[in-house]
Amino acid sequence: MIQRPQSLLLALVIIANSLVTSTGWPIWSKIGASGQKATLFFNEWTVSQGEQITATHPTIAIAILITLSTIITIVTIFSFKNRVRQMMLGLVNSLLLAGAMAYAFWVIFKEAMPTFDPEIQGKYGYGFYAMVVALLANMIANRLIRKDEMLVQSSNRMR
């Protein structure tokens, strides 16, 4: 059923993933003392001096993982008749979201941060927090799906 709480949470996952990919919210950014700026988006991280972009490095893996997560979330919502499949898809979706966040951390700490002024940490943007919301909403939806399945199993034992 589409109106179940877990379906609403899974819709929140879709919305959060869409905000990261379609609006271009930065995941992380850092401004150096000399005016350089490094910014991580879902598909690339850039280094700019003033208004001019000096270097662009693709991070297509984040975009692929978030897109796959969105597709799996849509399939999960419409698999409401098979809760075991929903739980399996929810697990895969959690792994994809965690992988996207782990790769974002790797890009931040191993590639983007050391480019200039390594002592400046930078700040996380709305895109990072949208990924965190998507992961938390997916985990809560998985818990509610498991709760539904346990309720159905207990009612089957009573019959």
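Taken together through direct or relayed side-chain contacts under 4.5 Å among Ile, Leu, Val, Met, Phe, Trp and Tyr, W106 and I64 form parts of separate hydrophobic clusters. Under the 4.5 Å side-chain contact rule for hydrophobic residues, V132 and V13 share a cluster. In the hydrophobic clustering of ILVMFWY residues, with side-chain heavy atoms under 4.5 Å counting as a link, L40 and F116 come out together. Under a hydrophobic-cluster definition in which Ile, Leu, Val, Met, Phe, Trp and Tyr are linked whenever side-chain heavy atoms come within less than 4.5 Å, directly or via other members, L97 and F41 are assigned to different clusters. Cluster membership check: F128 shares its hydrophobic cluster with F42, using side-chain heavy-atom separations under 4.5 Å among Ile, Leu, Val, Met, Phe, Trp and Tyr.
Distance alone, capped at 3.5 Å, places no donor-acceptor pair between the S69 side chain and the L96 backbone. In this structure, the side chain of E149 does not engage the main chain of N82 through any donor-acceptor pair within 3.5 Å. At least one donor-acceptor pair under 3.5 Å links the side chain of N142 to the backbone N or O of G90. In terms of modelled atom types and a separation under 3.5 Å, the side chain of D117 and the main chain of A33 share a donor-acceptor contact. Looking at E44, its side chain never comes within 3.5 Å of a backbone N or O of H57 through a donor-acceptor pair. In this structure, the side chain of T115 does not engage the main chain of E111 through any donor-acceptor pair within 3.5 Å.
With rounding to the nearest 0.5 angstrom, the OG1 atom of T73 is 10.5 Å from the CG atom of L68. With rounding to the nearest 0.5 angstrom, the CG atom of L89 is 6.5 Å from the CD1 atom of I72. Summarising the geometry, atom OG1 belonging to T76 is positioned 12.5 Å from atom CG belonging to L9; distances are rounded to the nearest 0.5 Å. With rounding to the nearest 0.5 angstrom, the OG1 atom of T67 is 11.5 Å from the CD1 atom of I62. Interatomic distance, NZ of K81 versus CD of Q86, reported as 12.0 Å (0.5 Å rounding). Distance check: N43 CG to I66 CD1 gives 10.0 Å after rounding to the nearest 0.5 Å.
Summarising the geometry of Q49 relative to G35, their closest heavy-atom pair is NE2-C, 4.1 Å, with the distance given to 0.1 Å. Closest of all the heavy-atom pairs between A16 and A130 is CB-O, 3.3 Å. Nearest heavy atom pair, residue L135 against residue M101, reads CD2-SD, 4.0 Å. Summarising the geometry of A104 relative to I27, their closest heavy-atom pair is CB-CG2, 4.4 Å, with the distance given to 0.1 Å. S7 and I77 make their closest contact through O-CD1, 4.1 Å (heavy atoms, listed as atom of the first residue, atom of the second, distance).
The side-chain hydrogen bond (donor to acceptor under 3.5 Å, both in side chains) contacts involving residues 131-141 comprise N93-N138, S94-N138, where partners must be two or more places apart or lie in separate chains.
By the side chain to side chain contact (heavy atoms under 4.5 Å, CB included) test, F109 is found to be paired with F105, M113, Q121, Y124, residues two or more places apart in sequence or in another chain being considered. When the side chain to side chain contact (heavy atoms under 4.5 Å, CB included) test is applied to I31, the partners found at least two apart in sequence or on another chain are K37.
Residues K123 and K30 fail the side-chain proximity criterion, which asks for heavy atoms closer than 4.5 Å. Side chains of T54 and T46 form no contact here, defined as non-hydrogen atoms less than 4.5 Å apart. Residues I15 and V133 have side chains not in contact (no heavy-atom distance under 4.5 Å, counting atoms from C-beta outward). Residues V20 and M131 form a side-chain contact, since some pair of their non-hydrogen atoms from C-beta on lies under 4.5 Å apart. Between W28 and T39 the shortest side-chain heavy-atom distance does not fall below 4.5 Å.
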Between L8 and L12, is a side chain to side chain contact (heavy atoms under 4.5 Å, CB included) present by the stated rule, with each step listed?
CA-CA 6 Å; L8 298 175; L12 181 63; over 6 Å; no
For a side chain to side chain contact (heavy atoms under 4.5 Å, CB included) check, start with the C-alpha distance between I14 and I74, then their side-chain angles and the critical distance, and finish with the verdict.
CA-CA 8 Å; I14 293 172; I74 292 169; 3.5 Å; yes
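Remark: M88 CE is packed, more than 12 non-hydrogen atoms of other residues, nucleotides or ligands lying under 6.0 Å away. Heavy atoms from other residues, nucleotides or ligands lying under 6.0 Å from CD of E119 number more than 12.
In the model, D148 has a side-chain atom that pairs as donor or acceptor with a side-chain atom of Q6 under 3.5 Å.
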